[in-house]
Trainee: 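Input: one structure, supplied below.
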Amino acid sequence: MSEEELRERIAHNVAANEMIDTATGLKAVAVVAVVADAESVEWALIGGLAMHLYGSLRLTRDVDLIASQTISLSAERQLSFGGERYAVRIGERSVAVDWIVRRDTARKFYRTALADALTLADKIKIVTPEWLVILKFIAGRYKDQEDGIFLLRQKDLVNRRQIRRNVLKVVREENWLLMGAGLRRWFDLADNISAPDGDENESYRPPDFSDYPEYNE
């Protein structure tokens, strides 16, 4: 690759991957919130910006919010899992805002998380840390696992028993056992407990929910 091609690629990557800071993201939230509140649409912050507010330094390129329905802003495109993307002008830059209205099999989880959202002093609405872990688990990407484990590692932030209670608002006990096994693995990773490699490892505990108090009421 020539030097000129390298410069062009780097310039393209900078333009395509420009990150937003917390303050800029919150300004974009405030813009769409005015419209949503005027139209009586429920909304709450999730995604990378919510992670910022819960203490993460992870970079993010856009703002993610869940909502009860779409709002009367011009959409750049439709989201494949339900909702729309809006472009919000903050100063000289355009901030992408994903307004998520799930219409797939995960919609009940998102609607329940929305109903349990917190309203902060500045009127920003955000999903609870317990619900953020659950939604990250449902999303299932590697970066979502990293985010979920980060949240679980923060002292006194996530009530693990509340995670179970939240899930049981949506699914039956038998479905929780399936989902809970995966979440248990996240708990172990957050607690630095390793899975066995071939033979049994004394530091690893197989999925026996009775010995893990976070799974019990």
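For clarity, every value in this text was computed on a predicted model and none was experimentally measured.
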Trainee: Tell me the closest heavy-atom pair linking Arg107 and Arg103, and the distance in Å.
Mentor: NH1-O, 4.1 Å
Trainee: Could you tell me whether the side chain of Lys125 reaches within less than 4.5 Å of the side chain of Leu45, counting heavy atoms only?
Mentor: no
Trainee: Using 4.0 Å as the upper bound for N to carboxylate O, is an ion pair formed by Lys143 and Asp147?
Mentor: no
Trainee: What about Leu118 and Val127, same hydrophobic cluster or not, with Ile/Leu/Val/Met/Phe/Trp/Tyr joined at side-chain heavy-atom distances under 4.5 Å?
Mentor: yes
Trainee: Quick one: CG on Leu114 to CD1 on Ile66, what's the gap to the nearest 0.5 Å?
Mentor: 5.0 Å
Trainee: Measure the acute angle between the ring planes of Trp99 and Trp43, then classify it against the limits of 30° and 60° as parallel, tilted or perpendicular.
Mentor: tilted
Trainee: Taking Ile71's backbone N and O only, do any of them form a donor-acceptor pair with Tyr86's side chain (distance below 3.5 Å, no angle check)?
Mentor: yes
Trainee: Is the shortest side-chain heavy-atom distance between Gln145 and Ile149 below 4.5 Å?
Mentor: yes
Trainee: With a 4.5 Å cut-off on side-chain heavy atoms, are Leu120 and Leu53 touching?
Mentor: yes
Trainee: Tell me whether Glu173 is salt-bridged to Arg164, with the criterion being a basic N under 4.0 Å from an acidic carboxylate O.
Mentor: yes
Trainee: Would you indicate whether Arg89, at its atom CZ, is surrounded by more than 12 heavy atoms from other residues, nucleotides or ligands within a distance under 6.0 Å?
Mentor: yes
Trainee: Could you check whether Asp62 pairs with Arg85 (Lys NZ or Arg NE/NH1/NH2 to Asp/Glu carboxylate O, under 4.0 Å)?
Mentor: yes
Trainee: Using side-chain heavy atoms (C-beta onward) and a distance below 4.5 Å, is Val101 in contact with Ser68?
Mentor: no
Trainee: Taking Glu130 for its side chain and Asn159 for its backbone only, find out whether a donor-acceptor pair lies under 3.5 Å.
Mentor: yes
Trainee: Looking at CG of Asp37 and NZ of Lys123, how far apart are the two atoms once the value is rounded to the nearest 0.5 Å?
Mentor: 8.5 Å
Trainee: Supply the atom-to-atom distance Leu151 CG to Leu157 CG, rounded to the nearest 0.5 angstrom.
Mentor: 6.0 Å
Trainee: Run the side chain to side chain contact (heavy atoms under 4.5 Å, CB included) test on Thr60 and Met51 for me, step by step, so that the C-alpha distance in whole Å, both residues' side-chain angles and the decisive distance to 0.1 Å come before the verdict.
Mentor: CA-CA 9 Å; Thr60 186; Met51 292 295 300; over 6 Å; no
Trainee: Just how far is it from atom CZ of Phe137 to atom CZ of Phe109, taken to the nearest 0.5 Å?
Mentor: 9.5 Å
Trainee: So do the side chains of Lys169 and Asp116 get within less than 4.5 Å of each other, counting heavy atoms only?
Mentor: yes
Trainee: Establish whether Val133 and Leu168 are linked, either directly or via other cluster members, by ILVMFWY side-chain heavy-atom contacts under 4.5 Å.
Mentor: yes
Trainee: Say whether, by atom type as modelled, one donor and one acceptor occur between the side chain of Asp191 and the main chain of Ile193 under 3.5 angstrom.
Mentor: no
Trainee: Considering non-hydrogen atoms only, spot the tightest contact between Gly47 and Asp64 and give its length.
Mentor: CA-OD2, 3.8 Å
Trainee: Does any N or O in the side chain of Arg102 come within less than 3.5 Å of the main-chain N or O of Arg111, such that one atom is a donor and the other an acceptor?
Mentor: no
Trainee: Determine yes or no for a side-chain-to-main-chain donor-acceptor pair under 3.5 angstrom, with Glu146 supplying the side chain and Tyr142 the backbone.
Mentor: no
Trainee: Roughly how far, to the nearest 0.5 Å, is the CG atom of Leu183 from the CD1 atom of Ile134?
Mentor: 7.0 Å
Trainee: Is Ser94 close to Val88 at the side-chain level, that is, under 4.5 Å between some pair of heavy atoms?
Mentor: no
Trainee: Going by heavy atoms in the side chains, are Val167 and Met179 under 4.5 Å from each other?
Mentor: yes
Trainee: Please check if the side chain of Asp98 supplies one atom and the backbone of Ile100 the other of a donor-acceptor pair under 3.5 Å.
Mentor: no
Trainee: Between Trp131 and Ile46, is a side chain to side chain contact (heavy atoms under 4.5 Å, CB included) present by the stated rule, with each step listed?
Mentor: CA-CA 9 Å; Trp131 271 115; Ile46 61 168; over 6 Å; no
Trainee: For Ala28 versus Val97, what's the shortest heavy-atom pair and its separation?
Mentor: CB-CG2, 4.1 Å
Trainee: Could you state the interatomic distance from OG1 (Thr70) to CD (Glu39), rounded to the nearest 0.5 Å?
Mentor: 8.5 Å
Trainee: Verify, without hydrogens or angle tests, whether His52 (side chain) and Arg58 (backbone) share a donor-acceptor contact under 3.5 angstrom.
Mentor: yes
Trainee: Has Arg153 got a side-chain atom pairing as donor or acceptor with Ala190's backbone, closer than 3.5 angstrom?
Mentor: yes
Trainee: Do Leu49 and Thr22 have side chains that approach each other closer than 4.5 Å (heavy atoms only, starting at C-beta)?
Mentor: yes
Trainee: Whether the side chain of Asn166 engages the backbone of Ile163 through a donor-acceptor N/O pair (distance < 3.5 Å, no angle test) should be reported.
Mentor: no
